[in-house]
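Computed from a prediction, not measured in an experiment: that's the story for all the values here. Scope of the values below: all heavy atoms of this structure, side chains included, with no hydrogens, waters or symmetry mates.
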Amino acid sequence: MAERGVDVSALPQEVREQLAELDLELSEGDITQKGYEKKRAKVLAPYLTQTQNLAPPPAYDAQSPGPSSASAPEPGPSNSSSSSSRHRRTRRPHRSSGTRDERYRSDIHTEAVQAALAKHKEEKMALPMPTKRRSAYVQSPIDNCTPPDSSSSSDDEAVSSESAGPQQSPDTWINSSLHGSSTSSSASSTLSHGESRPTQAPQPQSQQVPPPPAPARGSRVDLPSNAVVRGMSRGQSRSSMMETADGVPVSSRVSTKIQQLLNTLKRPKRPPLSEFFMDDQEEIVEVPQADPNTPKPEGRQIIPVKGEPLGVVSNWPPALQAALARWGATQGKSPALTALDITGKPLYTLTYGKLWSRSVKLAYTLLNKLGTKNEQIIKPGDRVALVYPNSDPGMFWVAFYGCLLAEVIPVPIEVPLSRKDAGSSQVGFLLGSCGVGLALTSEICLKGLPKTPTGEILQFKGWPRLKWVVTDSKYLTKPSKDWQPHIPTANTDTAYIEYKASKEGTVMGVAVSKVAMLTHCQALTQACNYCEGETLVNVLDFKKDMGLWHGVLTSIMNRIHTISVPYAVMKACPQSWVQRVHIHKARVALAKCRDLHWAMMAHREQRDTSLASLRMLIVADGANPWSVSSCDAFLNVFQAHGLKSEVICPCATSPEAMTVAIRRPGVAGAPLPARAVLSMTGLSHGVIRVNTEDKNSALTVQDVGHVMPGALMCIVKPDGPPMLCKTDEIGEIVVNSRAGGTMYYGLSGVTKNTFEVIPVNASGTPIGEIPFVRSGLLGFVGPGSLIFVVGKNEGLLMVSGRRHNADDLVATALAVEPVKTVYRGRIAVFSVTVFYDERIVIVAEQRPDASEEDSFQWMSRVLQAIDSIHQVGLYCLALVPANTLPKTPLGGIHISDTKQLFLEGALHPCNILMCPHTCVTNMPKPRQKQPVGVGPASIMVGNLVAGKRIAQAAGRDLGLIEDQDLVRKHHFLTEALQWRAQTDPDHTLYVLLNAKGVAVCTATCVQLHKRAEKIAAALMERSGINIGENVVLLYPPGKSHILCPVLVVFERLGQLKNYIGVKVKVTYPWFSPDDLPRKRPPTIYKPPNAEMIAYMDFSVSTTGMLTGVKVRDFSHHLNRFFLVILGSRHPLLRRIRRLLRSLARPPPLTLGHRPPFTLGLRSPLTQARLPPVSHASPPCVTLCIWVNSPHNATEYYTIYGEENLQADHFNTKLSFGDPQTLWARTGYLGFVKRTELTDSSGDRHDALFVVGSLDETLELRGLRYHPIDIETSVSRAHRSIGESAVFTWTNLLVVVAELCGSEQDALDLVPLVTNVVLEEHHLIVGVVVIVDPGVIPINSRGEKQRMHLRDSFLADQLDPIYVAYNM
């Protein structure tokens, strides 16, 4: 580029300002990247030529470090604004469309963040980047660019224990931290304690490893510095050899990433754990031990602070409406309001006479012209909504004062744009709670409202039915000469309702009485020293807060000329309000830090611009601790234009308490305002400490002045009873004043907790009877009764007992220099409650042209910075496409809606990084194995002594058969079938049902016997097999399967070969049993003894193991029974299984081996004796189920060299009690519970409950988990999750979820899956894999083949949509 050979810092001031203007235009999207480069090259062309003539330009590397590089120069002690912009250009000559939000700019904090990041350069970790399919995300277009707003907030905090600095009294640390008004001087004072500013070496160009997230506190992970981990595109073949925990070599890039993830978690953050694991839900979380070095408040109890008495002026009106009537009659031509058009030029001026006459007309119309003559729609005391855009202050003024004159209560709200507006339903809740049925608006606004196809106003979501009234003058009726509005003396009746959004997003209406409105205007007049006839420039929203109190109410009381600068004007011409101050010689200006920053960035050297007329520049968000930087930067730029330092007056306000404190306008030569450099660690513990140890963790705050006249203020604890704080303790500011809100209209329950607070002392005694109002501001009282605010309840994040402020976290994230990643500095911080604590979530908008590597690098550095500065871990860091976060009416981020979208899985991030391992520090202690010295016999004796019985249950006795000789005669299965065919040939043995439950086929005893004889004859004639050899039967569930139980026939060997995927030479004879001989076999084989194998069963576990089980002939009970054969997916199958579970009985055969396609319901008389024994287990403890029964299987088939395994499964013995009885392991886990039911003997029935298979369980943290339980929770997490499966890999839990929706929802599933598993199972998910539907393998019985899935994942054969590695 053109500036490669130019030292930008050496250019003239005019050129630097032109470059800054180009940067601003590019960041706001006013010009394209190509146009930016062309104009910039044109500006720098003359200086580039001069430089080339003097000396050859230095070499320029296109891959130089980004803005987050440690080589950034330090800001100097001179002009902070120009120096900061100059340094940004030096660091990154190619300025892109991302820009930093300068409201949170602090040179001290930037230095601290860079120093903290420098500590991690020597300890870099190779983190696995997420694997993403390229089609998984497409950047959405930026269709509605809006500048950043101060609404970024968060609500979560984390745990950390850090030793406190030396304890000092508040007077000592406040006085010791007083310094000049510039940020540079504060930096020098902070760094003057023997600490030099940190410097960092530039990062090597060849090193492209994304910086890792913050490592574990108090631990270091040593990895090779040259380790490189990158995301790989689909189909890319790269693998690395490694060994699993079992020593099995695996070649897979997935395995490499998992190993890197494990390396980063070798020593995760963990507080000291208690000794015992508690199963009780209330005690399941691990409570960190209190750190004895935690700072605690040591000062005396605070004394309530009184403001100066509210003076009494003889000409003050008895009501605000009376002041309007007075000026309308006596100063009718005096200007009351000037509105600006989109270009910043005056659009119209509303005089006091016009304002009075139009307000009277509206009041008359509301009371007399709406509805019928006998029944009017509006009556005094009713509530009406005022719906006016920010670009039309004149119509709003007329509507507001018209309602006051009609004694109707106005409720100003924002103009709805669509049904999907952020917070629209909550605005409807406000209107409903206030009982609003009528809305006033202008004709232009009404035309712009969304409408139905029939032309009616759209019914907005959650809104009550409204009648819309246009208040333009041509639609109003002029009252008769004898009609005058009733103006009573100010009383306690509600004057207006101001809306307020809570931390949870609920919109409530704060009711302000008429006397409170008047008293507040009087207090502001006295505090700000307003004079009649002054000019005020208002840049704020005139419908609420400071913009309403100063620009609409107090201005009318003092006959002030208000110049309203709408938000749209500020967006198009950021310096318009400064020009209005100069042109109109305004004495007072109302602005936010955002407006100061915009004006400073758009400033150009203009000799005719002067701010000398300003006596008071009220900073509405001066309570934000980070406002000091914007104030200092604005002062440094405009001090040369007549702006005086004593003019800047920050204030603290809230909708409930209204104006809490404001800095009075100073005089030349007065002492500089107070500043305090506080320790963030101390603030997180709720105490005030001077930052003396860790300069990286400091917060500079400025005072917001003194308490308002006539008010009484104190500090109480924000949690629990309103107990007075100590002088060195942070608490919530509560105020008692006539000038404050009275209630949340229509919400009496929450009103008492906010508007009727009576503080108590340390002993719990109330300090008085007067009620205070909670302001929602967190702060303290400094020397000279100055008020300091460090945050708000709305942005408070309470994590493990420590408090963090959302704005502080936003400032730290922005100090990482996100120019290449974050779009316009738009970052939202909030908290979500997961596993009994709040977890911090940061969501930022990603620039459209940001690469995934840059995004991952920025996220990693943010993790490091926040861990180092705030000693807290992040739970989730997400990047969403630019301009997609829900917005407030003025363009800020709607935090509560963003949080709701995150929890619902509708945020659609394009990059996400979950860190549950580092921030979830209250996990229960892993269960430890029992000591070796305590054996099963000791446990049994202990249980018996404690009154517990062994978990054992016995089946009902078989009883005696009428003809025992007959039973002995037909001892084998074939004999029993032949005898049944002769004695009871027409008895139906089987019925086959179709999907509709209709019987389609039956099999009687004689049919079964004849068919079996024919198949036996065919086998002996055609196959040539001998006695004892094995044959295979492959049939679907049906009649053919039923009719061949004696012998096993293999029909489709070729199909089986393809199915099982093995290469075998088919040499076995096969035939179709449909073509059977007619003759019977000459003889029927009779086994010589009962030890001969009758048939072989097989079992396929979900872990991938196929086993054959030998079943020998045994005694059969010749009773009639009825068996129903169903397919594995038959709709009745689920009902029958539910019936079996309700009967609390085991399956009819041995528990370990279920037939693949059949389910039998036996007659109760055929139940064999099945006493399941839980190995040394008391009742209701889930352990292995053992069975002793005559019909147990005997051994596995062809397990070479596994004789011990056979003995362990089929012939195991107890080590206590009866050591002689042989038991067979079922492979199931369950428990025995005694019920209230009785058996045939009259004893209570012992019910057996089976919870799952032992082979399928996952052993994590010393506990066994059944995959189906975790998978059920995962499937409920999001509507787009179809099937899911879980498995473990080197102690990490891997969750695979099939995405049934759009691939845009893929990343939404990652936090939801992590949340639900952590909440319901107390497990941290290590890897989340999102795949297409049908990827999870399922066998013919509907069982998930988890081990096959695991092998495919490790071999990188799944082709996943997204793979997230949780840190």
Side-chain angles (χ1 to χ4, degrees), residues 306-313 315-324 397 400-401 403-404 409-410 412 489-500 509-530 536 538 540-560 562 588 590 616 618 620 622-623 649 651-664 704-713 733-745 754-755 770-777 787:
K306 290 185 178 180
E308 69 265 28
L310 183 60
V312 179
V313 181
N315 63 345
W316 274 356
L320 192 59
Q321 303 93 306
L324 177 60
W397 280 40
F400 189 88
Y401 281 102
C403 290
L404 294 183
I409 302 174
T489 303
N491 52 31
T492 58
D493 294 341
T494 300
Y496 69 94
I497 297 174
E498 180 175 334
Y499 76 86
K500 182 249 183 182
V510 178
V512 180
S513 65
K514 296 177 181 178
V515 65
M517 178 177 63
L518 180 63
T519 305
H520 189 225
C521 292
Q522 295 170 350
L524 289 177
T525 300
Q526 179 175 329
C528 301
N529 196 20
Y530 280 127
L536 180 148
N538 180 22
L540 307 179
D541 185 2
F542 50 77
K543 295 190 292 294
K544 62 176 184 176
D545 207 70
M546 296 285 287
L548 174 65
W549 304 335
H550 288 261
V552 180
L553 304 180
T554 308
S555 61
I556 293 296
M557 182 174 177
N558 295 279
R559 196 177 65 81
I560 292 176
T562 301
V588 182
L590 293 170
M616 195 173 190
I618 302 176
C649 300
C651 63
T653 65
S654 77
E656 294 86 355
M658 304 182 81
T659 305
V660 176
I662 188 170
R663 186 187 294 173
R664 283 22 171 203
V704 292
H706 293 86
V707 184
M708 289 294 291
L712 181 66
M713 190 209 72
I733 300 175
V734 294
V735 180
N736 170 262
S737 173
R738 294 179 63 193
T742 57
M743 62 176 172
Y744 292 126
Y745 199 95
T754 302
F755 294 91
I770 56 175
F772 285 72
V773 177
R774 292 185 180 270
S775 66
L777 302 175
I787 309 302

Any chance you could measure Tyr530, atom OH, to Leu536, atom CG, to the nearest 0.5 Å? 5.0 Å
Would you say the side chain of Met713 lies within less than 4.5 Å of the side chain of Ile787, judging by non-hydrogen atoms? yes
Apply side-chain contact (heavy atoms from CB on, under 4.5 Å) to the pair Val512 and Thr742, showing each step before the final yes or no. CA-CA 6 Å; Val512 180; Thr742 57; over 6 Å; no
Min side-chain heavy-atom separation Asp545-Thr653 under 4.5 Å: yes
Does the Asn538 side chain pair with the main chain of Gly551, one donor and one acceptor, at a distance under 3.5 Å? no
Answer whether the closest heavy-atom distance between the side chains of Met557 and Pro317 falls below 4.5 Å. yes
Minimum heavy-atom separation for Ala323 to Ile556, with atom names? CB-O, 4.3 Å
List in chain and number order the residues that pass ring pair (Phe, Tyr, Trp, His ring centres under 6.0 Å) with Tyr499, two or more places apart in sequence or in another chain; answer none if no residue qualifies. none
Over all atoms of both residues, closest heavy-atom pair of Ala495 and Met517: CB-CE, 3.8 Å
Do side-chain atoms of Ser654 reach the backbone of Ser775 as a donor and acceptor pair under 3.5 angstrom? yes
Given side-chain contact (heavy atoms from CB on, under 4.5 Å), test Ser555 with His550 step by step and report yes or no. CA-CA 6 Å; Ser555 61; His550 288 261; over 6 Å; no
All side-chain contact (heavy atoms from CB on, under 4.5 Å) counterparts of Thr494, not counting sequence neighbours: Ile409, Ile497, Ala511, Met743, Tyr745
Using the side-chain contact (heavy atoms from CB on, under 4.5 Å) rule, take Met616 and Ile618 through it: C-alpha gap first, then chi angles, then the decisive distance, then the call. CA-CA 6 Å; Met616 195 173 190; Ile618 302 176; 3.8 Å; yes
Tell me which pairs pass salt bridge (charged side-chain N to carboxylate O under 4.0 Å, His left out) where either residue lies in residues 513-524, with sequence neighbours left out. Glu407-Lys514
To the nearest 0.5 Å, what is the distance between CD on Gln522 and CH2 on Trp316? 4.5 Å
pair Thr525-Thr554: side-chain heavy atoms closer than 4.5 Å: yes
Gly741 backbone acceptor or donor facing Glu498 side chain under 3.5 Å: no
By ring pair (Phe, Tyr, Trp, His ring centres under 6.0 Å), Phe542 pairs with (sequence neighbours left out) Phe396
Heavy atoms of Pro709 and Ala527 approach each other most closely as CD-CB, 4.1 Å
Got a donor-acceptor contact below 3.5 angstrom from the Arg664 side chain to the Ile662 backbone? yes
Are any of the side-chain heavy atoms of Val515 and Asn491 separated by less than 4.5 Å? no
Minimal non-hydrogen separation, Ala490 against Leu518, with atom names: CB-CD2, 3.9 Å
Roughly how far apart are Leu548 CG and Phe400 CZ, rounded to 0.5 Å? 5.0 Å
Quick one: CG on Asn558 to CG on Asn529, what's the gap to the nearest 0.5 Å? 10.0 Å
Name all residues meeting the ring pair (Phe, Tyr, Trp, His ring centres under 6.0 Å) criterion together with Tyr401; count only those two or more places apart in sequence or in a different chain, and write none if there are none. none
So do the side chains of Val510 and Phe755 get within less than 4.5 Å of each other, counting heavy atoms only? yes
Steps toward side-chain contact (heavy atoms from CB on, under 4.5 Å) verdict (Leu712, Val735): CA-CA 6 Å; Leu712 181 66; Val735 180; over 6 Å; no
To the nearest 0.5 Å, how far apart are CD1 in Ile733 and CG in Leu777? 5.0 Å
Can you check whether Thr754's main-chain N or O pairs, donor with acceptor, with Glu656's side chain at less than 3.5 Å? no
Do Phe772 and Ser737 have side chains that get closer than 4.5 Å, going by heavy atoms? no
Are Val704 and Arg663 packed together at the side-chain level, in the sense that at least one heavy-atom pair is separated by less than 4.5 angstrom? no
Under the ring pair (Phe, Tyr, Trp, His ring centres under 6.0 Å) rule, collect the residues that match up with Trp549, sequence neighbours excluded. His520
Would you give the length of the straight line joining atom CE of Met708 to atom OG1 of Thr659, rounded to the nearest 0.5 angstrom? 5.0 Å
